[in-house]
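Take a look at the structure set out below.
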Amino acid sequence: MGTKGQVIRCKAAVAWEAGKPLTIEEVEVAPPKAHEVRIKIVATGVCHSDLTFLNEGKDRARTFPMILGHEGAGIVESIGPGVTKCSPGDKVIPLFLSQCGECEPCLRPDTNLCNKNWGFGIQGVMRDGTSRISCKGKEVRQFMSVASFSEYTVVPDISVTKIQEDAPLENVCLLACGVSTGYGAALNSAKVRPGSTCAVFGLGAVGLATVMGCKAAGASRIIAVDVNKDKFPKAKVFGATDFVNPKDHDKPIEQVLAEMTNGGVDFSLECVGKAGVMSSALESCCTAWGTCVIVGYTETQELSVSPMHFLLGRTLKGTYFGGWKSVESVPRLVSDYMNKKLLLDEFVTHTLPLEKVNEAFDLMTSGKSIRTVIKMAE
């Protein structure tokens with residue numbers, strides 16, 4: 001692309017401190033080092049985890065400045081020494097969850113939690129302990145080693161996957177996090193069975209993708225639970241059959257669901273990230289065989305659970321990126337979308353330029369959007 005080996009100056013949305021709006025800055029993106037890939041980001045979804053990380057930074061030891069964003073898609077600009085799985089010009093999706101194919105978790109079929117880049121991603125750095133992005137003479141951390149709120153970024157080669165050339169990047173970027181997470185939570189983590197009854201708590205993008213996964217697994221009844229009734233028509237598009245607003249009842253939601261299902265649902269999936277909702281989700285599933293999967297993300301809240309919830313047969317488990325082995329699974333999900341086996345377009349309610357990223361957060365928190373996609377300047 002004519003920029004190989006050079007520092008690229010471009011725009012990025014920078015978080016200078018926790019809990020504060022992002023500002024658009026000119027940043028410098030260094031060339032990739034060994035086993036790294038520099039990507040021109042074309043589009044990126046705005047995920048609730050970005051906002052959660054930003055806001056919870058006030059209560060936890062976050063390092064700022066930082067560039068958020070982890071739901072991007074783009075084109076390889078250049079590669080560092082040793083990179084063999086992609087080439088300049090390839091369409092790719094950078095991944096917040098790596099897949100090295102060598103560590104013990106990667107070699108196990110029952111987990112997707114590659115540990116080779118985990119600690120570095122949490123710190124927002126590459127494997128040498130530094131970031132490839134700087135602004136005003138300061139190193140800028142890269143959220144989950146991705147930083148897709150930048151027009152260019154550098155990621156480890158074990159955290160990028162090549163996708164088919166005809167895939168629209170402004171849609172498939174959603175498979176980098178939210179849609180894959182919810183869809184896989186139902187299929188891979190809960191292992192929803194045909195004919196079963198499910199309850200999905202929270203109808204953001206992850207929750208709607210979870211509804212879609214329950215439908216794909218053959219659930220006969222999918223109860224969508226949300227305090228925003230305006231999301232119910234969208235949930236119906238993805239396969240929900242029943243709709244419950246906890247505000248419409250004067251009893252706990254778990255009791256409402258138990259009465260609706262003769263004792264509780266077979267599978268409950270929490271997609272909000274609040275401990276109170278997690279407790280309700282667990283208590284809403286059937287005592288003897290019900291499975292509850294925690295999909296929502298929080299690091300500051302604690303869940304207190306009585307052992308009696310489990311002694312008679314309930315199961316409580318969590319999921320990360322929907323249980324998908326990231327590098328090998330995401331291209332298959334892209335293919336499924338291209339072959340009309342899963343929905344993506346229906347998640348996108350707003351498309352904005354990078355300069356309006358804070359507006360995207362406002363749309364999310366006000367419940368007016370499902371997914372906003374940030375399209376970078378051509």
Side-chain angles (χ1 to χ4, degrees), residues 7-30 38-58 60 62-75 77 92-96 121-126 130-155 159-160 169-170 173-174 176-178 204-205 297 348-366 368-378:
V7 172
I8 293 178
R9 290 175 174 81
C10 66
K11 289 189 299 183
V14 179
W16 290 100
E17 58 181 300
K20 300 294 184 180
L22 311 185
T23 62
I24 304 302
E25 309 281 0
E26 181 180 81
V27 299
E28 296 181 341
V29 183
R38 188 159 63 181
I39 301 169
K40 178 182 180 181
I41 298 294
V42 173
T44 180
V46 179
C47 178
H48 201 280
S49 296
D50 295 309
L51 186 61
T52 300
F53 187 93
L54 179 67
N55 289 337
E56 290 189 353
K58 293 179 289 187
R60 301 182 68 81
R62 307 296 195 207
T63 301
F64 292 89
M66 178 174 285
I67 296 174
L68 299 170
H70 62 287
E71 201 173 75
I75 300 170
E77 176 270 339
V92 294
I93 292 179
L95 302 160
F96 70 90
I122 294 297
Q123 297 174 53
V125 296
M126 299 292 106
T130 66
S131 168
R132 298 292 169 265
I133 306 179
S134 60
C135 180
K136 299 178 180 179
K138 279 190 170 185
E139 180 182 76
V140 180
R141 297 295 178 102
Q142 300 173 231
F143 182 46
M144 299 305 293
S145 297
V146 176
S148 60
F149 290 174
S150 176
E151 292 178 327
Y152 284 84
T153 190
V154 177
V155 302
S159 299
V160 63
L169 298 178
E170 65 273 16
C173 64
L174 302 186
C177 181
Y297 161 61
V348 181
T349 54
H350 298 79
T351 301
L352 296 173
L354 181 62
E355 288 79 4
K356 294 188 176 182
V357 64
N358 292 307
E359 183 179 323
F361 284 140
D362 291 340
L363 288 167
M364 178 195 305
T365 55
S366 66
K368 295 178 181 178
S369 69
I370 299 300
R371 253 315 181 261
T372 296
V373 171
I374 301 296
K375 290 189 72 173
M376 301 298 183
E378 295 296 334

What's the spacing between L22 CG and N358 CG if we round to 0.5 Å?
5.0 Å

Which heavy atom of V357 sits nearest a heavy atom of A13, and at what distance?
CG1-CB, 3.8 Å

Enter the distance from T63:OG1 to I122:CD1 here, rounded to the nearest 0.5 Å.
11.5 Å

Could you tell me the separation between the CE atom of M144 and the CD atom of Q123, rounded to the nearest 0.5 Å?
11.5 Å

Which atom pair, heavy atoms only, marks the closest approach of C47 to E71?
CB-OE2, 4.2 Å

Would you give the length of the straight line joining atom NE2 of H350 to atom CZ of R371, rounded to the nearest 0.5 angstrom?
13.5 Å

Distance-only, no hydrogens or angles: does the S150 side chain make a donor-acceptor pair with backbone N or O of Y152 under 3.5 Å?
yes

So, applying side-chain contact (heavy atoms from CB on, under 4.5 Å) with L68, which one of V146, V14, L54 is it?
L54

Is the backbone N or O of I370 less than 3.5 Å from a side-chain atom of T349, with the two atoms forming a donor-acceptor pair by type?
yes

Just wondering, do V29 and C10 contact through their side chains at under 4.5 Å, heavy atoms?
yes

Of all the heavy-atom pairs spanning P94 and I39, show the shortest one and how long it is.
CB-CD1, 4.0 Å

Non-hydrogen atoms of S49 and Y297 that approach each other most closely
OG-CD2, 3.6 Å

Within the side chain of E151, is there an N or O that forms a donor-acceptor pair under 3.5 Å with the backbone of K11?
yes

So how far is it from R9 CZ to E26 CD, rounded to the nearest 0.5 Å?
6.5 Å

Are I8 and K40 packed together at the side-chain level, in the sense that at least one heavy-atom pair is separated by less than 4.5 angstrom?
no

For D50 and G45, work out which heavy atoms get closest and say how close.
OD2-O, 4.4 Å

Determine whether Q142 and I67 satisfy the following criterion, side chain to side chain contact (heavy atoms under 4.5 Å, CB included), listing intermediate values before the conclusion.
CA-CA 5 Å; Q142 300 173 231; I67 296 174; 5.8 Å; no

To the nearest 0.5 Å, what is the distance between CD1 on I41 and OG1 on T153?
6.0 Å

Locate the shortest heavy-atom distance separating T365 from L51; write the atom from each residue and the value.
CG2-CD2, 3.3 Å

Does R141 reach the main-chain N or O of S131 with its side chain, forming a donor-acceptor pair under 3.5 Å?
no

Using only atom types and a distance under 3.5 Å, with no angle test, would you say the side chain of S148 pairs donor to acceptor with the backbone of H70?
yes

With side chains defined as the heavy atoms from C-beta onward, is the minimum distance between I133 and V154 less than 4.5 Å?
no

May I ask you to test the F64-K20 pair for a side-chain heavy-atom distance under 4.5 Å?
no

Are a donor atom and an acceptor atom from the side chains of T130 and R132 found within less than 3.5 Å of each other?
yes

For the backbone of G124 and the side chain of S145, can you confirm whether one donor and one acceptor N or O come within less than 3.5 Å of each other?
no

Taking the side chain as C-beta and beyond, is there a heavy-atom pair between T44 and C173 under 4.5 Å?
no

Would you say the side-chain atoms of E170 pair up with the backbone N or O of V373, donor to acceptor, closer than 3.5 Å?
no

Compare all side-chain heavy atoms of L363 with those of V46 and state whether any distance is below 4.5 angstrom.
no

